[in-house]
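Before any comments, here is the structure.
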Number of protein chains: 2
Amino acid sequence: MEFKESHNLIIKNVSRFIDLTDLEKQKYISLLKEVNIKKRDFLLQAGDVARYEYFITKGCLKTYSIDEEGKQHISMFGIEDYWTTDMASFISGEPSHFFVEALEDTELLAMPRTKYDLLFQEIPKFERFYRILYQRSLMSYIRRSNLNISMTAEERYIRFMERYPHIVRRIKQKDLAAYIGVTPEFISMIKLKIKKTS
Amino acid sequence: MEFKESHNLIIKNVSRFIDLTDLEKQKYISLLKEVNIKKRDFLLQAGDVARYEYFITKGCLKTYSIDEEGKQHISMFGIEDYWTTDMASFISGEPSHFFVEALEDTELLAMPRTKYDLLFQEIPKFERFYRILYQRSLMSYIRRSNLNISMTAEERYIRFMERYPHIVRRIKQKDLAAYIGVTPEFISMIKLKIKKTS
DNA sequence: TCCTAAACTTAAACTAGTTTATTTTTTTTC
DNA sequence: GAAAAAAAATAAACTAGTTTAAGTTTAGGA
């Protein structure tokens, strides 16, 4: 069975955890909506309710909140083959505290909250898919926040550079700083220090 | 159908998200193992593999890691009606980086990793239960780490005191500090400051 | 119930990371 | 491809939270 490129991508992602028949694939795809946004546009803004769970087929996004002093805190970057939304808002139906903004022109597939129950009803295997997906997200979330707590900013910077060089290449240093949890000035200091010692 | 007190508790917890027949309840309970540990004993230690997911029926626990300088970082407290384990180790089968230690004599029900697949096979509804459970854990994890990032230690302290007074009553200030992410001395300073201002 | 270890308090010196301000470099836009 | 805007670098003054150290209170085991 032939699908378009973006649909192949999402089916490949889902098929890591569950096997779908051709009919189920078709059914699943029929629930998805295509969304394209330009660089600097928002997929979600604080105050909005997250009505979709998005799968990224092309591009790059950042998810962040803004604190009382107006500072951005980036909680994740999203690139091809990853999922993004504000889970808290998506589930609870309450307004989000997050912004999801495109760092490049971006293409996504959106699963509407309104179709979520229908999906589980028609293809119960998806309970399993999401059980595993959320279990793994939880796992990496726990790992990350544990590391963040026990490492200095310099260690966090070095670790991110080593583990996600493909993301580093696509983002501004300013955004890296907002993810690491320091000021851009401090990143400059770290780089200077590393240059001197090596 | 009659079950013992602890089994009633876990069934009530599971029944928030899925309905079980009496037969399914019995089957589920037959997979669980009762575990009792004394204050200061460990449910899990760094280096061990987490072979169980635990439901707390009585008592209080802390989950923490120890960094290179020997400092404890508490990531959660567990009390009655909550679940605990190191999800990362439980899923991956790799050794854990966490300690789970009893702060009081504690009674638990343990679901073995070895029975996990059997559970999903025999009662597929549990895929749904865990999908929802993990989705909600993820949600509160995201909320918490977002708040921690954008608040000062003082704000985090005040918030915890307000939201979890029933937990505060059962733990040492030292452990509260390790959860908030500051030294016990700094907690003393915060208390002093609050006393002065009010 | 007493004794001892652990927990908590207070305070002064210290440090990782921030703030503010200026200059240089890179990116965007027309 | 030049002008304007945004991002990055450098450096000095500053602050939230740490460290060290000494004294006080509390808890729990023999």
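Naming convention: chains lettered A, B, ... in sequence-line order (proteins, then strands); numbering from 1 in each chain.
Here B:Lys39 lies in heavy-atom contact (under 4.0 Å) with sugar-phosphate atoms only. The residue A:Ile187 sits apart from the nucleic acid: no heavy atom pair falls under 4.0 Å.
With rounding to whole Å, A:Ile190 atom CD1 is found 15 Å from D:dT10 atom C1'. Distance, B:Glu185 CD to D:dG23 P: 16 Å, rounded to whole Å. What separates CE of B:Met189 from C1' of D:dT19 is a distance of 13 Å, to the nearest Å. Regarding A:Lys195, its NZ atom lies at a distance of 8 Å from the P atom of D:dA9, rounded to whole Å.
Within the 4.5 Å cutoff, side-chain heavy atoms of B:Tyr28 are placed close to those of B:Leu119.
None of B:Lys62, B:Lys58, B:Arg170, B:Lys38 except one satisfies the salt bridge (charged side-chain N to carboxylate O under 4.0 Å, His left out) rule with B:Glu104; the exception is B:Arg170. A side-chain contact (heavy atoms from CB on, under 4.5 Å) with B:Glu24 is found for exactly one of B:Ile123, B:Val14, B:Ile11, B:Asp19, namely B:Ile123.
In this structure, A:Arg156 is not positioned above the aromatic face of A:Phe186 in the sense of NZ or CZ being under 6.0 Å from the six-membered ring centre and within 45° of the axis. No cation-pi contact links A:Arg131 to B:Tyr134, judged by a cut-off of 6.0 Å to the six-membered ring centre and 45° from its axis.
In this structure, CZ on B:Phe160 lies 5.5 Å from CG on B:Leu176, to the nearest 0.5 angstrom. One distance of note links CD of B:Glu101 with CG of B:Leu44; it measures 11.5 Å at 0.5 Å rounding. Between atom CG of residue B:Asp41 and atom CG of residue B:Leu61 there is a gap of 11.0 Å, rounded to the nearest 0.5 Å.
Listed in residue order, the members of residues 150-158 of chain B having a heavy atom less than 4.0 Å from DNA chain D are B:Thr152, B:Ala153.
Think of the region where chain B sits on DNA chain C: with heavy atoms and a 4.0 Å cut, that region ends 5' and 3' at C:dA7 to C:dT10.
Aromatic rings from A:Phe126 and A:Phe120 are positioned such that their centres are separated by 6.0 Å or more. Separation of the B:Tyr164 and B:Phe77 ring centroids does not fall under the 6.0 Å cut-off.
Mapped onto DNA chain C by nearest heavy atom, B:Lys196 and B:Ile171 fall at different nucleotides, with B:Ile171 at the one closer to the 5' end.
Remark: side-chain polar atoms of A:Thr57 are paired, donor with acceptor, to backbone N or O of A:Glu107 under 3.5 angstrom.
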Check nucleotides 5-7 of chain D against the protein and report each pair of N or O atoms closer than 3.5 Å, with its distance, or say if there are none.
unit_1	atom_1	unit_2	atom_2	d
D:dA7	OP2	A:Lys174	NZ	3.1

